[in-house]
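Below is one structure, written out as structure tokens, with a few remarks after it.
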Amino acid sequence: MPPAPERRRALAFIAKAIGAMNGVAIAISAAGVLASLGLIAWAVVMRYAFNRPPVWVDEVVAFMLVGIVMLGAAQSLRRGEHIGVDILVAKLGPRGRYWAQLWSSASVLVVSVILIVNGWQTSMFSRKLGVLTEGNLEIPVFWLQLFLPLGGCMMLLVSLEAIARLVAGLPSLATQAHHGEEVD
């Protein structure tokens, strides 16, 4: 096993790579939110000002929501912004908090693997059957379902990063974010 300073440098490099990947994903997610807002505003104007509502906007916004959530979930996890039961963890000592954070990260890892495996299998099954969405657009469902394994892969990387930080004795991602330090 390499000496501690080399492990920390390697972990810092990996953290920067994960941070860059999540930065791109969160930018795409934010663009999706803005596009959804624009589409909804346009649909409202078309409906009430011109009495010509676009029938496809609701579907597109709903489809975009899947991508927005799955692309933004990993960065929310890195910043400690997911819902948690802080009242219990705050009452624990340092060793108890360590184990609670480790358990939390391991749980996210397991859920991530489930999202990856089941999301991939489901999307490939939908692709094989040629399943289309119901409604006006009728796009292949597997396109939307592929956001599940993508988001799962990103959350898997973040959970591995969190576990590596804990094992290396570094502050957890959530602790670092809550103390105002930059999470790469």
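Numbers for residues simply follow the sequence, beginning at 1.
Annotation: Arg127, atom CZ; neighbour count of heavy atoms from other residues, nucleotides and ligands within 6.0 Å does not exceed 12.
Counting only heavy atoms from C-beta outward, the side chains of Ile163 and Leu109 approach each other to under 4.5 Å. A heavy-atom distance below 4.5 Å is not found between the side chains of Phe13 and Arg9. Within the 4.5 Å cutoff, the side chain of Leu137 has heavy atoms near those of the Val60 side chain. No side-chain heavy atom of Leu37 sits less than 4.5 Å from a side-chain heavy atom of Val33. Using a 4.5 Å cut-off on side-chain heavy atoms (C-beta onward), Met46 and Pro53 make no contact. Between Leu144 and Thr133, the closest side-chain pair of non-hydrogen atoms falls below 4.5 Å.
When each of Val57, Val61, Leu65 is checked for a side chain to side chain contact (heavy atoms under 4.5 Å, CB included) with Ser36, only Val61 meets the rule.
Remark: Gln75 CD to Met21 CE distance equals 9.5 Å, nearest 0.5 Å. Going from atom CE of Met154 over to atom CD1 of Ile26 covers 7.5 Å, rounded to the nearest 0.5 Å. Rounded to the nearest 0.5 angstrom, Trp120 CH2 and Phe142 CZ are separated by 9.0 Å. From Ser123, atom OG reaches atom CD of Gln145 across 6.0 Å, with rounding to the nearest 0.5 Å. For the atom pair OG of Ser105 and CG of Leu77, the computed distance is 7.0 Å after rounding to the nearest 0.5 Å. To the nearest 0.5 Å, atoms CG (Leu115) and CE (Met70) are separated by 5.0 Å.
Between the Ser159 side chain and the Leu156 main chain, a donor and an acceptor come within less than 3.5 Å of each other. Here the side chain of Ser104 pairs no donor or acceptor atom with the backbone of Ala100 at under 3.5 angstrom. Judged by distance alone, the side chain of Ser126 and the main-chain N or O of Thr122 form a donor-acceptor pair under 3.5 Å.
In this structure, Val131 shares a hydrophobic cluster with Phe125, Leu129, Val141, the cluster being traced through Ile, Leu, Val, Met, Phe, Trp and Tyr side chains under 4.5 angstrom apart.
Residues Val24 and Val66 fall within the same hydrophobic cluster, defined by Ile, Leu, Val, Met, Phe, Trp and Tyr side chains chained together at heavy-atom separations under 4.5 Å. Follow the hydrophobic side-chain contacts under 4.5 Å out from Leu160 and you never reach Leu170; the two are in separate clusters. In the hydrophobic cluster analysis, where Ile, Leu, Val, Met, Phe, Trp and Tyr join through side-chain heavy atoms closer than 4.5 angstrom, Ile116 is grouped apart from Leu71. Residues Trp99 and Leu166 fall within the same hydrophobic cluster, defined by Ile, Leu, Val, Met, Phe, Trp and Tyr side chains chained together at heavy-atom separations under 4.5 Å. With hydrophobic clusters built from ILVMFWY side chains whose heavy atoms lie under 4.5 angstrom apart, Ile28 shares a cluster with Ile18.
Between Gly72 and Ser29, the shortest heavy-atom distance links the atoms N-OG, 4.1 Å. Heavy-atom minimum distance, Met64 versus Gly32: CE-O, 3.2 Å.
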For side-chain contact (heavy atoms from CB on, under 4.5 Å), just list the numbers for Leu146 and Met124, CA-CA rounded to whole Å, side-chain angles, deciding distance to a tenth of an Å, and then say yes or no.
CA-CA 9 Å; Leu146 283 174; Met124 291 302 102; 4.1 Å; yes

Would you sort out whether Val158 and Asn22 count as a side-chain contact (heavy atoms from CB on, under 4.5 Å), showing the intermediate values?
CA-CA 9 Å; Val158 170; Asn22 280 325; 3.4 Å; yes

